[in-house]
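Comments concern the structure below.
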Amino acid sequence: MRTLIRGGTVLSSTGAVTADVLVDGETIAAVTAPGMLAGQNVEVDTEFDATGKYVMPGGIDAHTHMEMPFGGTFSADTFETGTRAAAWGGTTTIIDFAVQPKGSSLLSTLDNWHEKADGDCAVDYGFHMIVSDVNDATLKEMESCVAAGVSSFKMFMAYPGVFYSTDGEILRAMNKAADIGGTIAMHAENGIAIDELVARALAEGRSEPYQHGVTRPPELEGEATSRAITLAKVTGSPLYIVHLSAAQALSAVAEARDEGQNVFAETCPQYLYLSIEDLGKPDFEGAKYVASPPLREKHHQPDLWRGLRTNDLSVVSTDHCPFCFKDQKELGRGDFTKIPNGIPGVEHRIDLLHQGVVAGEISLARWVEACSTTPALMFGLYPRKGVIAPGADADIVVYDPAAEQTISAETHHMNVDYSAYEGMTVTGRCETVLSRGSVVVDRGTYHGRAGHGRFLERDLCQYLN
């Protein structure tokens, strides 16, 4: 099949140009001046007129949690429903997290996640590995994970007794990552101190969702981020701070980057648009907004937007981890610590970041860079992904920058009964989405299928100094 996308404004991380894009099979065959291919009588099977639209590389959401176990339940999106929703929002690649239970091996964990995902995904996918049990066997298996195309390893300074690793364990894993070229992704919150604040809150009868934010203050995210950066400096390991939410943490990342250290960070749309005030909504509605790190006071938001402009925040991912309000979030009525942590968002990341373009917070090039190109480089997928160029996978979004839409649980495609952005009107919408040359979404109709998505064996980070 040959597909021609003609007359659109082709976006990249370096700018924009009016061009035609020819797709041959699963890859991009040519990017040419408008009309050139027609003049050469090139035969095509399908044409899309992208006049007045953006043509951008498919989005890469480098932080999702499909079917993730948490607190006795599982996140509500399966790999099938979650990747379908991703496609509706212009995301054509996800990188999900395989969760190592304590006492198990990394390779058996990877097998389990393949069983969950293989044959069910509508778009392409890869895995990070969550390392929750650091020992000699685990460290050895990190080499095998890299050989299997899983080159990044997430660790936690939070959740004692579940995922938490000590500084010594983190140091050991970072040493190994430095040796094999892997990247350590870090959930940076001081979990030991947080547990003390949580215990005090419950002892004092403060059990409502708002307390989730109060007991995880931004200072403890900043402290943990600084500590992780120091450990990475000692070991020489690249470090990727996940879901950064607070100005204190951003300051630590910026300082390390100014010194030339291989430290990177992502933020998420919820930290750019939502705030701790949402955790305080009445009638337990605040539970919908419980995630970790928690939503912050609004004064952090300008700092995060500035971090995106300066590349101190390199990537925008979603940390998509949906739990339904009914029966799942409600598990925490009377005790905020039992509210499953997570906010749905995989479908709306590209639209919400486009609002930053509309508002003048970021440029078109930075939008594409943060949503697609940098994640491809960061996680070993470039130039197969993240760019409109000959030879790249034909993961392409035709985006209408003038369309208006109102985000609502009534119209979204995620398998969750609420939207964190309910009633928010945004400008811009994905009109047509191609995954490896196949039309997945076109003008309000879904054409995708479970099993189209393929597992991506990733290379090492291509974004290092």
Side-chain angles (χ1 to χ4, degrees), residues 1-60 86-93 122-124 350 354 357 363-369 371-377 380-403 428-449 452-454 456 459 462:
M1 289 285 295
R2 280 186 166 184
T3 300
L4 178 64
I5 302 170
R6 55 181 174 83
T9 301
V10 177
L11 302 181
S12 72
S13 60
T14 57
V17 62
T18 302
D20 293 345
V21 180
L22 178 66
V23 174
D24 192 349
E26 294 194 345
T27 60
I28 296 170
V31 181
T32 72
M36 179 180 291
L37 295 172
Q40 296 175 351
N41 296 317
V42 174
E43 294 185 4
V44 298
D45 301 287
T46 306
E47 285 194 25
F48 293 98
D49 183 0
T51 303
K53 312 291 171 55
Y54 299 143
V55 179
M56 62 187 291
I60 300 171
W88 274 101
T91 288
T92 54
T93 299
V123 299
D124 291 350
I350 287 175
H354 183 253
V357 176
S363 66
L364 280 173
R366 193 75 187 106
W367 177 47
V368 171
E369 199 169 31
C371 287
S372 186
T373 308
T374 298
L377 287 161
L381 293 171
Y382 190 88
R384 180 179 176 185
K385 306 289 187 183
V387 65
I388 304 283
D393 282 358
D395 293 352
I396 301 172
V397 176
V398 179
Y399 195 85
D400 184 351
R429 181 196 297 270
C430 299
E431 182 174 282
T432 304
V433 180
L434 281 70
S435 168
R436 297 194 334 273
S438 294
V439 176
V440 184
V441 174
D442 184 36
R443 287 164 289 191
T445 301
Y446 181 72
H447 300 278
R449 63 175 178 83
H452 166 77
R454 292 177 184 163
L456 301 169
D459 295 329
Q462 300 158 280

Q: Could you pull out all residues at least two apart from D459 that satisfy side-chain hydrogen bond (donor to acceptor under 3.5 Å, both in side chains)?
A: none

Q) Is R454 close to E26 at the side-chain level, that is, under 4.5 Å between some pair of heavy atoms? A) yes

Q: Return the set of residues passing side-chain hydrogen bond (donor to acceptor under 3.5 Å, both in side chains) with T91 (not counting sequence neighbours), or none when no residue passes.
A: R349

Q.
Suppose we screen for side-chain hydrogen bond (donor to acceptor under 3.5 Å, both in side chains). Which residues come up paired with S12, at least two apart in sequence or across chains?
A. T14

Run the side-chain donor-acceptor check on residues 27-47: report pairs under 3.5 Å with partners two or more places apart or on a different chain.
| from | atom 1 | to | atom 2 | distance (Å) |
| --- | --- | --- | --- | --- |
| D45 | OD2 | R2 | N | 2.7 |
| E47 | OE1 | R6 | NE | 2.7 |

Q | Note, E431 side chain near F48 side chain (heavy atom, < 4.5 Å) | A | no

Q) Do you know the tightest heavy-atom contact between Y382 and V387? A) CE1-CB, 3.9 Å

**Q.** Side-chain donor or acceptor of D400 paired with backbone N/O of G428 under 3.5 Å
**A.** no

Q: Go through the structure and list residues passing side-chain contact (heavy atoms from CB on, under 4.5 Å) with V440, not counting sequence neighbours.
A: A87, S435, Y446

(Q) Going by salt bridge (Lys or Arg N to Asp or Glu O under 4.0 Å), name the residues that satisfy it together with D393, two or more places apart in sequence or in a different chain. (A) R384, K385

**Q.** L377 vs T373 side-chain heavy atoms within contact, under 4.5 Å
**A.** yes

Q | Non-hydrogen atoms of G52 and P401 that approach each other most closely | A | O-CD, 3.7 Å

Q: Name all residues meeting the side-chain contact (heavy atoms from CB on, under 4.5 Å) criterion together with R449; count only those two or more places apart in sequence or in a different chain, and write none if there are none.
A: H452

**Q.** Qualifying residues under side-chain hydrogen bond (donor to acceptor under 3.5 Å, both in side chains), relative to S438, sequence neighbours excluded
**A.** none

Q. Of T93, V10, I388, T92, which is the lone residue that meets side chain to side chain contact (heavy atoms under 4.5 Å, CB included) with P57?
A. I388

Q.
Just to verify, what does Y54 make a ring pair (Phe, Tyr, Trp, His ring centres under 6.0 Å) with, not counting sequence neighbours?
A. none

Q. Are the side chain of S372 and the backbone of G58 linked by a donor-acceptor contact shorter than 3.5 Å?
A. yes

**Q.** Any donor-acceptor N/O pair, D395 side chain to R436 backbone, under 3.5 Å
**A.** yes

Q: Report the distance from atom CG of L381 to atom CD1 of I60, rounding to the nearest 0.5 Å.
A: 5.5 Å

Q. Which distance, rounded to the nearest 0.5 Å, do you find between the CG of L434 and the CD1 of I5?
A. 5.0 Å

**Q.** Reported CG-to-OH distance for the pair L11 and Y399, which is rounded to 0.5 angstrom
**A.** 11.0 Å

(Q) Just to verify, what does S363 make a side-chain contact (heavy atoms from CB on, under 4.5 Å) with, not counting sequence neighbours? (A) A365, R366

(Q) Quick check for you: to the nearest 0.5 Å, what is the distance between W367 atom CH2 and M56 atom CE? (A) 4.0 Å

Q) Of all residues at least two apart in sequence or in a different chain, which pass the salt bridge (Lys or Arg N to Asp or Glu O under 4.0 Å) check with R429? A) none

